[in-house]
Peer 1: 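Input: one structure, supplied below.
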Amino acid sequence: MINLNLKNISKVYNKVTNQKAVDNVSFEANKGQFIVLLGPSGCGKSSLLRMIAGLEDISSGELYFDDKLMNNISPDKRNIGMVFQNYALYPHLSVYDNIAFPLKIVKISKSEIKKRVIEIADSIGLIDLLERKPKELSGGQRQRVALARALIRKPDVFLFDEPLSNLDAKLRVQMRTEIINIHKSAGTTSIYVTHDQTEAMTMGDILVILNKGRIQQIDTPHNVYKCPINIFVAGFIGSPQMNFFNGYFVQQDNLYFLVKDSDLMIRIIGNIEDTLFNKEIILGIRPEHLNFEILNSNNGFRITNIEFMGYEQILHFSSSHCICTARTEVNHSYHIGSIVQLSVESNLMHKFGLDEQRII
Ligand code: ADP
Ligand code: MG
């Protein structure tokens with residue numbers, strides 16, 4: 001097991017435009033940790049992973065495995081196991097030979113190879129498929145072969161680049177658990193890239209959230225959900241997405257948040273700091289934290305759609321000035337067209353400045 005340390009790493013593909021695909025990224029993966037790099041398509045995740053693997057030059061910055069500077073070490077000397085979205089299996093080789101491939105090129109005895117292939121194939125549910133070719137396997141089985149092939153070298157670092165994106169939803173959930181179980185038993189320091197926030201939240205010890213090549217936040221899934229550092233992270237983590245309202249806190253018979261350019265008020269349960277009055281902010285409320293009660297008036301948020309999800313439902317509200325959603329238990333006492341008063345507990349709301357940074 002090793003520590004992985006990235007210091008101020010940048011990637012420039014085009015020296016003319018000098019645009020940074022990865023911009024000054026620093027983070028550490030401690031021995032045995034499972035780090036998830038999360039961000040939208042094009043934010044630089046694969047570039048970063050490929051630099052760690054040595055498949056791409058590092059434009060500036062330093063990469064360390066423990067105390068060893070790795071920038072100029074060739075990929076085959078980095079002892080990395082890598083799994084890609086498209087599996088990258090050799091189509092003409094059997095499952096056995098695909099898994100054995102990394103050992104064959106480093107010249108290990110045939111009997112030792114056989115022992116290791118069988119051990120891994122057994123642990124990962126491939127033992128009955130060793131004679132097949134990749135085209136005779138399902139998507140999930142192919143992904144398992146790719147995992148086995150990456151594992152067999154007992155790598156120091158495991159890199160995953162969106163390995164589950166090509167699988168259907170059910171298999172994705174199953175493979176998530178399998179990958180985490182493999183990680184727990186092998187204990188290898190791992191960097192896992194995904195654009196899927198559910199995958200990130202359920203798998204990562206630590207999330208490194210990227211946007212436009214830059215780190216936005218590094219923290220545990222719990223803290224990222226509870227205290228997103230800016231509007232980007234707040235909107236990216238959580239489904240349905242957090243609601244955002246521009247406006248002002250006002251004290252009347254109660255404490256309210258007045259939505260800008262409207263007469264819509266969200267009731268605040270609890271208190272706020274005095275310094276928050278009389279200035280425009282962006283209020284963030286997760287759909288699961290938005291409460292509502294039916295009003296006998298025409299002045300409020302109107303329910304425009306109800307999505308039944310089985311154990312819960314998603315309510316959509318809109319007015320001429322904003323739209324928002326709430327997640328609630330199923331209840332039949334309201335319907336499309338009902339007008340409601342929205343409210344939130346002050347300790348569950350998120351406050352952002354107009355610069356989109358969290359107000360602390
Ligand atoms: P992600 O994996 O998060 O989708 P990538 O690392 O693939 O993002 O890409 C980040 C940015 O770098 C994108 O704007 C992409 O177009 C650009 N990019 C990626 N690879 C290359 C390349 N080989 N040459 C030029 N630009 C590239
Ligand atoms: Mg990518």
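Numbering of ligands and ligand atoms starts at 1, following listing order.
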Peer 1: Below 2.8 Å, which protein N, O or S atoms neighbour the Mg ion (ligand 2), ignoring water?
Peer 2: Ser46 OG
Peer 1: On a heavy-atom basis, which atom in Met265 and which in Val250 lie closest, and how many Å separate them?
Peer 2: SD-CG2, 4.2 Å
Peer 1: Side chains of Tyr248 and Ile281, heavy atoms from C-beta outward: is any pair under 4.5 Å?
Peer 2: no
Peer 1: Are Tyr192 and Phe158 close enough that their ring centres sit under 6.0 Å apart?
Peer 2: no
Peer 1: Roughly how far, to the nearest 0.5 Å, is CD of Glu178 from CD of Gln143?
Peer 2: 10.5 Å
Peer 1: If two hydrophobic side chains count as joined below 4.5 Å and joins carry through other members, does Leu210 share a cluster with Leu38?
Peer 2: no
Peer 1: Working to the nearest 0.5 Å, report the span between CD of Glu329 and CD of Glu312.
Peer 2: 9.5 Å
Peer 1: Return the protein residues near ligand 1 (heavy atom under 4.0 Å from any of its atoms), ordered by chain and residue number.
Peer 2: Tyr13, Ala21, Pro40, Ser41, Gly42, Cys43, Gly44, Lys45, Ser46, Ser47
Peer 1: Output the distance between atom CZ (Arg149) and atom CZ (Arg144), rounded to the nearest 0.5 Å.
Peer 2: 16.0 Å
Peer 1: Quick one: are Leu207 and Ile218 in side-chain contact, heavy atoms under 4.5 Å?
Peer 2: no
Peer 1: Is the gap between the ring centers of Phe257 and Phe245 under 6.0 Å?
Peer 2: no
